[in-house]
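Just so you know, these numbers come straight off a predicted model, no measurement behind them. In what follows, every chain begins at residue 1, and chains take the letters A, B, ... in the order their sequences are listed.
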2 protein chains.
Amino acid sequence: MSGGRLASGRSLWHAGAVKATSSARRIGTVDSKTRGRILDAAERLLLDEGYAAVTSRRVGAKAGLKSQLVHYYFRTMDDLFVEIFRRRAERDLRRFERALAADPSLRTVWKLTTDPSGTVFSIEFVALANHRKAIRAEIAHYAERFRAAQLKALTSAFDKSGITADQIAPIAALLLMTGVAQVLTLDEQLGVKTGHDETVSYVQSAIARLEPEEANP
Amino acid sequence: MSGGRLASGRSLWHAGAVKATSSARRIGTVDSKTRGRILDAAERLLLDEGYAAVTSRRVGAKAGLKSQLVHYYFRTMDDLFVEIFRRRAERDLRRFERALAADPSLRTVWKLTTDPSGTVFSIEFVALANHRKAIRAEIAHYAERFRAAQLKALTSAFDKSGITADQIAPIAALLLMTGVAQVLTLDEQLGVKTGHDETVSYVQSAIARLEPEEANP
DNA sequence: GTCTATACTTCGATAGAC
DNA sequence: GTCTATCGAAGTATAGAC
């Protein structure tokens with residue numbers, strides 16, 4: 001077939017000679033509107049077709065720009081990936097904190113955890129992180145932050161509902177919910193739905209048992 | 001950087017002109033020893049560096065063969081991917097059935113489910129399936145078979161231990177275990193371990209509660 | 001800030017000799 | 001069954017004009 005990108009590019013697979021010293025190469029400002037469009041296009045591409053589809057040429061095309069502009073705003077494609085991830089993670093983190101501040105309950109955590117696009121996003125990045133060190137570090141960092149935020153909310157929800165540690169520890173409940181959400185989403189991507197209804201209703205009844213109804217439906 | 005492969009290749013990303021009719025191109029026999037070596041090398045590469053590292057050239061190098069031999073044994077790279085998957089899935093499936101025939105218990109299912117290489121393998125393929133139709137179909141097929149085999153074992157284990165459906169349905173228990181195993185493995189790949197000990201011991205005690213000790217430790 | 005042009009690398013795939 | 005040779009496409013990245 002044709003050439004491509006994912007197998008050896010200077011910056012993509014090995015570290016590459018970074019030429020740390022000289023290099024007067026110009027880089028666009030972070031608050032540029034064009035830069036935002038590039039990130040939008042790249043994120044869409046990532047979600048729809050996987051990280052392998054995120055090439056400077058395709059991103060440029062999707063954004064209606066010359067592919068070279070991608071290189072103007074991002075020194076390497078790794079930089080672009082890290083930025084896509086950071087931007088999205090930061091946004092989701094805020095959304096999370098806002099929702100949990102408004103209603104710190106088990107069911108809110110469950111609702112947020114089962115957002116499919118969030119899972120697709122993180123699966124794609126875990127696969128990507130599998131072989132790109134710079135990206136792995138970034139993801140690990142946000143994974144910890146996410147878990148901390150969720151744990152905090154879950155802990156306060158447990159306190160409120162009087163759930164004790166000998167029933168289940170908040171952190172265990174969190175990993176359980178995260179895991180279930182992940183399998184369900186992955187399955188769905190494949191078109192597999194065996195047992196989904198039973199599992200969802202099990203989780204929901206477990207939540208209802210631990211955290212009896214109070215106000216919202 | 002350099003060229004590469006994963007972004008547009010004729011057969012990799014779009015369907016490509018398959019030229020279904022003519023094409024007298026020769027293909028090696030399925031029982032060839034060389035073919036096996038190619039599959040071994042490709043599987044290792046996939047596990048260690050991700051699917052993007054599986055190119056005909058790199059596979060050839062890893063197997064100590066000319067890359068063209070990869071094309072001799074596999075018409076397209078998609079064919080190679082499907083074969084890697086099929087071979088491994090079939091092997092795991094047999095291993096599964098053997099282990100569960102010997103000891104059809106909840107804890108055996110848990111032990112098998114938490115094999116990290118199995119999870120890494122399937123994550124990699126789910127990411128791959130995200131944008132390759134032919135592969136997705138294959139994975140979905142095996143996912144169903146796996147689940148069926150596991151479910152059968154779990155159902156018989158539940159019967160044996162007298163676990164009833166109003167505690168938890170076998171299929172729900174299966175998805176729960178699969179999900180937890182997935183999160184744990186993914187986390188570990190990133191170097192994140194927050195809450196793992198608590199979660200593992202929760203699962204183990206849940207298993208012990210549902211399925212009281214009998215013989216093996 | 002954006003564009004044209006271009007260097008260089010790797011990829012998938014095939015043809016044809018041995 | 002394996003090798004040499006080669007095509008054509010796509011990728012990352014840079015230089016330099018506008």
Compile the donor-acceptor pairs under 3.5 Å between side chains in residues 191-199 of chain A and protein atoms, sequence neighbours left out, one pair per line.
unit_1   : atom_1 : unit_2   : atom_2 : d
A/Thr194 : OG1    : B/Glu144 : OE1    : 2.8
A/His196 : NE2    : A/Asp187 : OD2    : 2.9
A/Thr199 : OG1    : A/Gly195 : O      : 2.7

Please identify each residue that fulfils salt bridge (Lys or Arg N to Asp or Glu O under 4.0 Å) with A/Arg94, with sequence neighbours left out. none

B/Arg87: partners by salt bridge (Lys or Arg N to Asp or Glu O under 4.0 Å), with sequence neighbours left out: B/Asp40, B/Glu43

Could you list the residues that satisfy salt bridge (Lys or Arg N to Asp or Glu O under 4.0 Å) with A/Arg145, not counting sequence neighbours? A/Glu90

Could you tell me whether the phosphate oxygens of C/dT2, OP1 or OP2, come under 4.0 Å of any side-chain nitrogen or oxygen in A/Thr34? yes

For A/Tyr73, which residues count as a ring pair (Phe, Tyr, Trp, His ring centres under 6.0 Å) partner, sequence neighbours excluded? none

Side-chain donor-acceptor pairs of residues 149-158 of chain B under 3.5 Å, sequence neighbours excluded:
unit_1   : atom_1 : unit_2   : atom_2 : d
B/Thr155 : OG1    : B/Leu151 : O      : 2.6
B/Ser156 : OG     : B/Ala153 : O      : 3.4

Distance test, side-chain N/O of B/Arg57 to OP1/OP2 of C/dT10, below 4.0 Å: no

Spacing between B/Arg75 atom CZ and C/dA13 atom P, to the nearest angstrom: 9 Å

May I have the distance from A/Ile27 (atom CD1) to D/dA15 (atom C1'), rounded to whole angstrom? 14 Å

Side-chain N,O (B/Thr55) to OP1/OP2 (C/dT10) below 4.0 Å: no

Can a side-chain donor-acceptor contact be found between B/Ser117 and B/Arg88 if the only test is distance below 3.5 angstrom? yes

Think A/Ser56 has a side-chain N or O under 4.0 angstrom from the OP1 or OP2 of D/dG11? no

Close N or O pairs between protein and nucleotides 16-18 of chain D (under 3.5 Å):
unit_1 : atom_1 : unit_2  : atom_2 : d
D/dA17 : N6     : A/Arg26 : NH2    : 3.4

Rounded to the Å, how far apart are B/Lys33 NZ and D/dG1 P? 14 Å

For DNA chain D, the residues among residues 66-73 of chain B that have a non-hydrogen atom under 4.0 Å from it: B/Lys66, B/Gln68, B/Leu69, B/Tyr72, B/Tyr73

For the residue pair A/Phe81 and A/Phe125, categorise the inter-ring angle as parallel (less than 30°), tilted (30 to 60°) or perpendicular (more than 60°). perpendicular

So salt bridge (Lys or Arg N to Asp or Glu O under 4.0 Å) across residues 121-130 of chain B, not counting sequence neighbours, yields none

In whole angstroms, how far is the C1' atom of C/dT2 from the CD1 atom of A/Ile38? 11 Å

